[in-house]
Every structure is written in C-alpha cells, then in structure tokens.
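Working notes for the structure below.
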Amino acid sequence: MLRIAVLNGPNLNMLGIREPGVYGNESLSAIEAQVKSKGDELGIQVSCFQTNHEGIMIDRIHSAYGSEDGIIINPGAWTHYSYAIRDALSAISVPIVEVHLSNIHKREAFRHVSVVAPIALGQIAGFGASGYLMALDVLVRKLRSESSEE
Ligand code: DQA
C-alpha cells in the first residue's frame with residue numbers, strides 16, 4: 001500500500017481562525033479528515049502532521065526516508081525562505097507536491113518566491129483545501145504509473 005505524508009508548517013494549526021478571507025473557514029483537522037477519507041478511497045495510507053517548529057519538521061521529513069512513498073507539504077511561510085526545509089526534502093529523494101491554500105503569486109511580493117518549488121514535482125496554489133485533495137490525486141497517479149513501468 002502506498003504511504004503518503006501530508007505535512008503542514010507554521011500557523012496552519014490556526015486555519016479557520018486565521019484570516020478566513022485568505023485561508024477559508026475550515027480547520028486543519030477538518031481538512032485532514034477529508035484528506036484521510038480521500039486516501040481511503042484511493043486505497044493508500046495517509047499520515048498527517050503539523051508543527052510550528054522548523055527542526056521538528058526537518059526530523060519529520062527525514063523520518064519519511066525509507067518509510068513513505070511521497071510527501072504533500074504546505075510549508076507555510078518557510079516556503080519563502082527556509083533552505084533547511086528545502087534541503088531536508090531534497091535529501092530524502094521522495095516525490096514532493098507543494099500545496100498552498102492561497103494563490104501566493106497574486107499576494108505580497110515576498111510570497112512569490114518558493115525555495116521549495118525547484119525540488120517539487122509541482123505546486124498547487126489558490127484552490128483552498130481542495131489543493132490537498134488534488135495533490136493526493138496527482139501524487140498517487142504518478143507513483144502508480146511509475147510502479148507499473150517497473
Ligand atoms: C500559505 C501561504 C504562505 O505565504 C503563508 O505564509 C502561509 C500559508 C498558504 O497555504 O497559502 O502560512 O502557505
């Protein structure tokens with residue numbers, strides 16, 4: 001069974017409370033429940049994790065090495081400046097999809113840069129919570145097509 005980690009960075013535990021006009025009204029636990037049920041539909045194992053601490057996220061990313069097949073990550077503000085998160089993701093050679101609830105490209109200039117994007121398969125931004133479900137679909141499709149090539 002494919003195993004996918006769904007990781008959320010700083011301040012995303014505040015979803016539902018934090019700037020609902022930008023990030024929506026749903027809580028992170030409601031989004032995670034949708035992602036898990038989509039995982040059940042797809043017949044895969046989903047493990048959800050959120051932290052506000054960069055070192056803890058780095059350790060969680062490392063723990064995916066050899067135990068998970070793909071990562072969906074919303075790195076929050078780390079997206080824009082954390083070379084440490086990017087290096088952790090590239091160190092483990094696991095396919096990555098970057099997700100943002102908001103369309104970072106039409107917001108403040110500092111949000112237009114993603115240091116994670118160059119090492120990701122792709123980025124989904126601007127579709128709210130649906131972005132995580134879209135990411136799960138594309139990642140599972142990609143992993144399944146690769147394993148059928150072998
Ligand atoms: C975000 C966008 C980031 O710029 C911001 O710092 C976040 C959330 C998003 O999901 O739209 O924390 O990653």
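Ligands are counted one by one from 1 in listed order, and the atoms in each one are counted from 1 as well.
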Report yes or no: does Ile104 have a heavy atom closer than 4.0 Å to ligand 1?
-> yes

No-hydrogen, no-angle side-chain donor-acceptor test under 3.5 Å, His80 and Glu108 | no

Who's the nearest protein heavy-atom neighbour of atom 9 (C) of ligand 1, and how far?
-> Leu101 N, 3.4 Å

So the atoms of ligand 1 within less than 4.0 Å of a heavy atom of His80 turn out to be 3 (C), 4 (O)

Without swapping roles, check the side chain of Asn52 against the backbone of Asn11 for a donor-acceptor pair under 3.5 Å.
-> yes

Flag side-chain contact, heavy atom, 4.5 Å: Arg86 against Pro118 | yes

Have a look at ligand 1 and work out which part of Thr79, if any, has a heavy atom under 4.0 Å from it: side chain, backbone, both or neither.
-> neither

Proximity winner for atom 5 (C) of ligand 1, if only heavy atoms of Arg111, His112, Glu98, Glu108 are counted = Arg111

Is the closest side-chain donor-acceptor distance between Thr79 and Glu98 under 3.5 Å?
-> no

Any luck finding a side-chain donor-acceptor pair between Thr51 and Arg60 under 3.5 Å?
-> no

Return yes or no for this condition: an N or O of Ala77 is under 3.5 Å from an N or O of ligand 1.
-> yes

Got Tyr132 and Gln34 here, is their nearest side-chain heavy-atom distance under 4.5 Å?
-> no

What part of His100, side chain from CB on, backbone N/CA/C/O, both or neither, has a heavy atom under 4.0 Å from ligand 1?
-> both

Please write down residue, atom name and distance for the protein heavy atom closest to atom 11 (O) of ligand 1.
-> Ser102 OG, 2.6 Å

So for Arg18 against ligand 1, with non-hydrogen atoms under 4.0 Å, the contacting part is side chain

Is the count of non-hydrogen atoms from other residues, nucleotides or ligands lying under 6.0 Å from Tyr65 atom OH greater than 12?
-> no

